[in-house]
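This report refers to the structure that appears directly beneath it.
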Amino acid sequence: MTTQRIFCIGRNYAEHVRELGNEEGDPVIFMKPATCLVTRETKELVLPADGDLDYETELVVEIGKTGRALNEAEAPSFIRALGVGFDLTRRVLQKELLSRGLPWERCKAFDHSAPLGELTSFDPAADDLKRLRFSGYVNGELRQSGDTSQMIFPIARLIVEISRDWTLLPGDLIYTGTPKGIGRLHDGDILSAMDHRGKLCSWTIRAAL
Ligand code: MN
């Protein structure tokens, strides 16, 4: 399935909202172009020249069919698959852009900013959207533990919100927000995530030549 768009949700876990000093409000929705995607076959991620790179471990939803103006009851039927990925962020640059009221693309939508693990078909009988667990590791050390029960806006609500302004298309991805525990990456770090089914994916961080 071809991805044309990556939707990302900001400020969806209360403890992460607090660790960045933000306030809860409506869902924050932004996008990355599909060219930001890095599959697990690509083993390395490029560190920006100034070393400004943070990981955010996120549960990822893949949309399976076209729909708009959906309601919460029908929203889950639009999910084709689930997985885990990283919303890589240039945090220093983000703070600067935010303080100047400028758009986020330079800190969020750069090359390699959306690594994605293996997607697994969504099975409503096995996958409770309100109780999916995932985790992020740096050099094998647990850094983030996510549980969708802690989301401010649950997955079905996110699909509803996005479908108000964008007609959802097969292959669309939704990075659903990060729990607390974000942090910096360095040259040589191994960045890994475990998805809701226990599947692990890893990339090595490499400084640009
Ligand atoms: Mn994020």
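Remember, it's 1-based here, ligands and their atoms both numbered in the order they're listed. Just so it is clear, the values below take in all heavy atoms, side chains as well, and ignore hydrogens, waters and symmetry mates.
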Q. What N/O/S atom of Glu58 is the closest to the Mn ion (ligand 1)?
A. OE2
Q: Compare every heavy atom of Leu119 with every heavy atom of Gly83, then report the nearest pair and how far apart it is.
A: N-CD2, 3.8 Å
Q. Passes side chain to side chain contact (heavy atoms under 4.5 Å, CB included), Met151 versus Thr176? Steps please.
A. CA-CA 9 Å; Met151 284 180 163; Thr176 58; 3.2 Å; yes
Q: Kindly determine whether Lys199 and Glu118 satisfy salt bridge (charged side-chain N to carboxylate O under 4.0 Å, His left out), including the steps that lead there.
A: CA-CA 8 Å; Lys199 285 186 197 161; Glu118 184 181 356; 3.5 Å; yes
Q. Would a distance-only check, ignoring hydrogens and angles, find a side-chain to backbone donor-acceptor pair under 3.5 Å from Thr167 to Arg68?
A. no
Q: Of all N, O or S atoms in Glu56, identify the one at the shortest distance from the Mn ion (ligand 1).
A: OE1
Q.
Which atom name would you report as the N, O or S atom of Asp87 nearest the Mn ion (ligand 1)?
A. OD2
